[in-house]
Number of protein chains: 2
Amino acid sequence: MRDDLPLSVTHTVRDRCLCLHVQRAARALARRFDHALKGFGLTSGQFSLMIALNRSEPPRIADLAPFLAMDRTTLTAALKPLVRRGLVAMARDEADARSKRLALTEAGRDLLVRAMPVWTATHDAVDAELVGHDLDRLRGDLRALA
Amino acid sequence: MRDDLPLSVTHTVRDRCLCLHVQRAARALARRFDHALKGFGLTSGQFSLMIALNRSEPPRIADLAPFLAMDRTTLTAALKPLVRRGLVAMARDEADARSKRLALTEAGRDLLVRAMPVWTATHDAVDAELVGHDLDRLRGDLRALA
DNA sequence: ACCAGCTCAGTTGATATCAACCTAATTTCG
DNA sequence: CGAAATTAGGTTGATATCAACTGAGCTGGT
């Protein structure tokens with residue numbers, strides 16, 4: 001311990017840092033949904049990604065990245081196992097040869113339909129543990145951060 | 001689009017899922033602090049980890065993992081680059097040969113001292129963007145999730 | 001003392017995350 | 001039309017994340 005890095009400074013960071021607080025909550029929630037969705041071979045992130053694909057118009061990678069607040073190249077990597085398993089299909093955009101359109105396959109939709117009740121039950125359990133918390137406000141705060 | 005996976009269901013997940021909301025905020029905040037701390041060669045996670053090490057008693061890996069809501073093995077991996085760079089030292093616990101005690105080195109403390117003003121400025125900027133939001137309540141919500 | 005069970009940490013394999021760099025296609029403007 | 005700027009996407013290298021497995025050390029009961 002030195003005079004120029006006292007415990008009080010680190011306590012300030014630990015207590016105040018939103019980055020740290022959000023990361024901890026993110027890890028805990030991801031673990032929780034990972035476990036719940038394990039039977040379907042899906043992680044929480046893969047589930048969210050597939051949910052984001054269920055649109056009337058097949059989105060491009062560049063459309064999804066901002067929605068997930070995720071780097072474009074992360075999305076490229078995240079799609080690989082889903083495409084390999086035949087849950088997601090990538091097709092060249094007919095209007096723009098640079099773009100690729102992403103869509104759930106029949107198998108992907110089947111899996112999502114089966115996983116949905118588990119998501120609902122898991123989220124209900126999370127909600128139940130947070131009685132007294134204003135979750136709509138929390139979601140609003142998180143959207144402001146993203 | 002099929003009848004058994006309508007858009008309304010996916011909109012429910014997108015709007016309600018705390019896991020998705022927290023992951024998005026986590027990515028955005030991590031990116032932001034990563035950029036801010038880049039000049040020190042530190043990521044936001046490495047900064048948080050080093051802050052957690054600044055204790056009067058050098059903690060063990062098993063002590064830190066719950067504090068960071070992180071898997072124990074993730075911590076083992078995260079320590080490697082910090083130890084390699086001489087910012088963190090691992091020493092066998094004298095009382096228990098299974099345990100290792102983690103401590104910042106002199107170089108590690110130096111780096112943290114220099115990085116601290118950047119953390120403060122970055123967090124002040126985040127706070128400024130969230131005027132009207134109750135950040136203490138937000139931190140409480142996030143602690144409840146972790 | 002012994003051994004069964006527990007605790008602490010590391011390793012492996014898979015996915016996640018991003019910056020930096022790269023290629024190809026489109027658009028813009030002179 | 002044609003070169004420059006822009007845009008979409010992929011690749012590489014590094015770190016982050018966790019589950020499952022492994023091994024080493026400790027502890028309590030007999």
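Every heavy atom of this structure was used, including side-chain atoms; hydrogens, water molecules and symmetry mates were not. Quick caveat: nothing in here was measured; it's all calculated off a predicted structure. Per chain, numbering begins at 1; letters A, B, ... match sequence-line order.
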Looking at every heavy atom in both [X] and [Y], which two are closest together, and how far apart are they?
X      : Y      : answer
A:G86  : A:T105 : O-OG1, 2.5 Å
A:D141 : B:D134 : OD2-O, 4.5 Å
A:N54  : B:L7   : O-CD2, 3.0 Å

Should the pair A:D124-B:R16 be classified as a salt bridge under the 4.0 Å nitrogen-to-oxygen rule?
-> yes

Could B:D34 and B:R31 be called an ion pair, given the rule that one side-chain N must be under 4.0 Å from one carboxylate O?
-> no

Tell me, please, whether A:F67 has A:R55 positioned over its six-membered ring: NZ or CZ under 6.0 Å from the ring centre and within 45 degrees of its axis?
-> yes

Rounded to whole Å, the CZ-P distance (B:R101 to C:dC8) equals 11 Å

Quick one: do A:F40 and A:L112 satisfy side chain to side chain contact (heavy atoms under 4.5 Å, CB included)? Show the steps, please.
-> CA-CA 9 Å; A:F40 304 100; A:L112 265 196; over 6 Å; no

Tell me, please, the opening and closing nucleotides of DNA chain D, 5' to 3', among those with an atom under 4.0 angstrom from a non-hydrogen atom of chain A.
-> D:dT7 to D:dA20

If you find the nucleotide of DNA chain D closest to A:K100 and the one closest to B:A95, which residue's nucleotide is nearer the 5' end?
-> A:K100

Contact nearer the 5' end of DNA chain D, comparing B:D96 with A:D34 = A:D34

For B:D93, report the nucleic acid contact type (base, sugar-phosphate, nothing); a contact means any heavy atom under 4.0 Å.
-> nothing

Pull out every residue in residues 72-92 of chain B that has a heavy atom closer than 4.0 Å to any atom of DNA chain C, ordered by number, or say none.
-> B:R72, B:T73, B:T76, B:K80, B:M90

Is the shortest heavy-atom distance from the side chain of B:S44 to the side chain of B:L29 under 4.5 Å?
-> no

The residue, A:G45 or B:I61, whose nearest nucleotide of DNA chain C is more 5′ is B:I61

